[in-house]
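Just so you know, residue 1 is the first one in the sequence shown, and it goes up from there.
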Amino acid sequence: MTINDLKEVLLNNFNTIVIYKSDASVIVSNDRGVAPLMKLLKENKSQLKNSIIVDKVIGKAAALLMVYAEVKEVYTPVISSPALKIFKNNNIIIHYDKEVERIINRKGDGLCPMENLCLEIENPEEAYFRILEFQN
């Protein structure tokens, strides 16, 4: 399966994330934010290793989680500048359509809570545990 195939699954089926795992299985979700990534990381972090992820919007929190999961390649229509930097610093192949300064919350009146939570974090493992704490 190619990035373009995965993009089609994302955009044509109202999904928010599509994950092509190294065992050739595909996971799709329409859950918002980092919820699908966190669920998979809690179940078994290694299941995401070397996967290809296509995600509707990627901010710094999602990027740190993908680095923590050791994904291989990522595509997103919209990425924040801090997220792009995380991928480049960790040698993850990244494809995107539009770079934005920050990810805004759903109301449009401030930063996304996850983006805000991870603004000062550079360590992927620290980000995972901070998000886990926030979710609980």
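- The number of heavy-atom neighbours closer than 6.0 Å to NZ of K45, taken from other residues, nucleotides and ligands shown, is above 12.
- Under the 4.5 Å side-chain contact rule for hydrophobic residues, M38 and V57 do not share a cluster.
- In this structure, CG in L6 is found 6.0 Å from CD1 in I52, a value given to the nearest 0.5 Å.
- Atoms CD1 and CD1, on I53 and I19 in that order, are 4.5 Å from each other to the nearest 0.5 Å.
- In terms of the ring pair (Phe, Tyr, Trp, His ring centres under 6.0 Å) criterion, residue partners of Y68 (sequence neighbours excluded) are, by chain and number, Y128.
- Between the NZ atom of K72 and the CD1 atom of I92 there is a distance of 12.0 Å, given to the nearest 0.5 Å.
- A donor-acceptor pair is defined here as one N or O able to donate and one able to accept, closer than 3.5 Å; no such pair exists between the side chain of S29 and the backbone of I17.
- Transitive grouping of hydrophobic side chains (ILVMFWY, heavy atoms separated by less than 4.5 Å) keeps L119 and I121 in distinct clusters.
- Using a 4.5 Å heavy-atom threshold, the side chains of F87 and I93 count as separate.
- Here H95 contributes atom NE2 and N4 contributes atom CG; the two are 9.0 Å apart, rounded to the nearest 0.5 Å.
- Side chains of L40 and I27 form a contact here, defined as non-hydrogen atoms less than 4.5 Å apart.
- Cluster membership check: L65 does not share its hydrophobic cluster with L111, using side-chain heavy-atom separations under 4.5 Å among Ile, Leu, Val, Met, Phe, Trp and Tyr.
- A ring pair (Phe, Tyr, Trp, His ring centres under 6.0 Å) check over residues 44-67, counting only residues at least two apart or in different chains, returns nothing.
- Residues L48 and V18 fall into different hydrophobic clusters, defined by Ile, Leu, Val, Met, Phe, Trp and Tyr side chains chained together at heavy-atom separations under 4.5 Å.
- Counting heavy atoms of neighbouring residues, nucleotides and ligands inside a 6.0 Å radius, atom NZ of K39 does not exceed 12 of them.
- Within the structure, no pair that satisfies the ring pair (Phe, Tyr, Trp, His ring centres under 6.0 Å) test touches residues 24-62, not counting sequence neighbours.
- Inspection of the S25 and D23 side chains reveals an N or O donor paired with an N or O acceptor under 3.5 Å.
- In this structure, CG on L37 lies 9.0 Å from CD1 on I131, to the nearest 0.5 angstrom.
- Pairs of residues two or more places apart, or lying in two chains, never qualify as salt bridge (charged side-chain N to carboxylate O under 4.0 Å, His left out) while including a residue from residues 102-118.
- Note on residues 19-49: no pairs pass ring pair (Phe, Tyr, Trp, His ring centres under 6.0 Å), not counting sequence neighbours.
- Under the 3.5 Å distance criterion, the side-chain polar atoms of N123 are matched with a main-chain donor or acceptor of E126.
- In this structure, L117 CG and F134 CZ are separated by 6.5 Å, a value rounded to the nearest 0.5 Å.
- Residues I103 and M114 fail the side-chain proximity criterion, which asks for heavy atoms closer than 4.5 Å.
- In E43, the CD atom is crowded: over 12 heavy atoms of neighbouring residues, nucleotides or ligands sit closer than 6.0 Å.
- Taking the side chain as every heavy atom from C-beta outward, E70 and N50 never approach each other to under 4.5 Å.
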Would you check, one step at a time, whether the test side-chain contact (heavy atoms from CB on, under 4.5 Å) holds for V54 with V9? CA-CA 9 Å; V54 176; V9 173; over 6 Å; no
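- Screening residues 51-60 for side chain to side chain donor-acceptor pair (under 3.5 Å) gives K60-E122 as the qualifying pairs, with residues at least two apart or on separate chains.
- Cluster annotation: I3 and M66 are assigned to distinct hydrophobic clusters (Ile/Leu/Val/Met/Phe/Trp/Tyr, side-chain heavy-atom contacts under 4.5 Å, transitive).
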